[in-house]
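Order of listing sets the numbers, starting from 1, for every ligand and every atom in it. Predicted model, so just to flag it, every value in this text is computed and none were measured.
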Amino acid sequence: MPTPSDIQTHHDRHGRYPEAVTVEDFRRNLAAVQARIDAACHRVGRDPATVRLLPVSKTKPEASLRMAHAAGCRMLGENKVQEAYRKWEAMQDLTDLQWSAIGHLQTNKAKLVARFATEFQALDSLRLARALDRRLQMQGRSLDVFVQVNTSGEESKYGLAPEDVPSFIQALPAFSALRVRGLMTLALFSSEAERVRQCFVLLRTLRDRLRQSAPAGIELDALSMGMSGDFEIAIEEGATVVRVGQAIFGARDLPDSHYWPGEPTGDQS
Ligand SMILES: *Cc1c(COP(=O)(O)O)cnc(C)c1O
């Protein structure tokens with residue numbers, strides 16, 4: 001697989017994505033991101049149809065989410081569950097809009113996710129799996145889930161250590177309301193493309209290895225990795241879902257440390 005050496009991450013650009021304020025802005029940004037997805041796929045001989053773009057709307061107001069919907073977005077990713085739940089409640093009129101919860105979840109908030117989300121990307125403990133499954137059973141619902149893996153080794157990052165994932169996966173068939181789709185990770189937050197790439201390689205390698213021993217009913221096709229600053233590298237390494245916020249909605253006011261405790265807040269470059 002070619003690994004273009006001239007590819008840098010774009011984490012240092014974050015402050016520069018202008019706020020999308022019209023449906024036309026959203027259409028243009030979505031088309032630009034899609035063109036970058038297509039180009040990354042082309043570089044490594046992948047079919048762009050195998051990569052799903054998940055727009056991430058966290059911190060953005062309801063009006064922005066409605067514009068994103070008008071521009072064609074049918075699933076939105078949110079990091080904080082209470083914020084997501086509030087938005088879901090406020091936008092019940094958009095009956096074709098689905099929600100993906102992509103951030104760390106405390107067990108006591110499992111009932112919220114069980115109510116509104118169709119996808120949960122941050123499964124990282126059996127306790128949480130049990131709580132989600134119980135709530136989902138009560139509601140007669142099921143949920144697509146991704147197991148979050150800490151591929152950067154940073155203390156501050158959520159997710160299972162790679163060596164703990166195999167036994168974790170083996171335990172998941174007990175939770176019949178959870179439809180396991182694959183693995184998710186947040187790479188090292190760095191401008192050094194090679195170090196970021198290693199996180200993605202680790203997730204793909206782990207997935208490939210686990211696939212062979214996965215219990216019946218556990219699907220491990222999906223790899224959710226890559227965000228505004230690094231999604232092209234993630235695609236080159238096999239991402240099937242990229243979670244992109246700022247390149248579509250515009251820069252966020254809050255530093256990333258608000259979402260990922262312990263994250264450096266300054267200029268990364
Ligand atoms: C915010 C967030 C993203 C998207 O980050 P951007 O820099 O806005 O593209 C991706 N994944 C997770 C888990 C997030 O919280």
- Note on the structure: Using a 4.5 Å side-chain heavy-atom cut-off and chaining through intermediate ILVMFWY residues, the residues clustered with L54 come out as V56, M75, I102, F146, M184, V241
- Joint hydrophobic cluster, V242 plus L202, side-chain heavy atoms closer than 4.5 Å: no
Which ligand 1 atoms does [X] reach within 4.0 Å, using its non-hydrogen atoms?
X	value
R243	4 (C), 9 (O), 10 (C), 11 (N), 12 (C), 13 (C)
R252	1 (C), 5 (O), 6 (P), 7 (O), 8 (O)
V244	9 (O)
K58	1 (C), 2 (C), 3 (C), 14 (C), 15 (O)

- Examine the proximity of ligand 1 to Q121 and report which part, side chain or backbone, both or neither, has a heavy atom under 4.0 Å away. neither
- Side chain or backbone of I102 under 4.0 Å from ligand 1, or both, or neither, by non-hydrogen atoms? both
Any ion pair linking [Y] and [X] (charged N to carboxylate O, less than 4.0 Å)?
X	Y	answer
R211	D221	yes
R86	E83	no
E236	R43	yes

- Message: Using a 3.5 Å cut-off on N or O atoms only, is G245 in polar contact with ligand 1?
- Response: yes
Counting only pairs under 3.5 Å, give me each side-chain donor-acceptor contact of residues 123-134, with atom names and distances, residues two or more places apart or in other chains.
residue: D124; atom: OD2; partner: H104; partner atom: ND1; Å: 3.2
residue: S125; atom: OG; partner: L128; partner atom: N; Å: 3.0
residue: D133; atom: OD1; partner: Q137; partner atom: NE2; Å: 3.4
residue: D133; atom: OD1; partner: S176; partner atom: N; Å: 3.2
residue: D133; atom: OD1; partner: A177; partner atom: N; Å: 2.8
residue: D133; atom: OD2; partner: Q137; partner atom: NE2; Å: 3.4

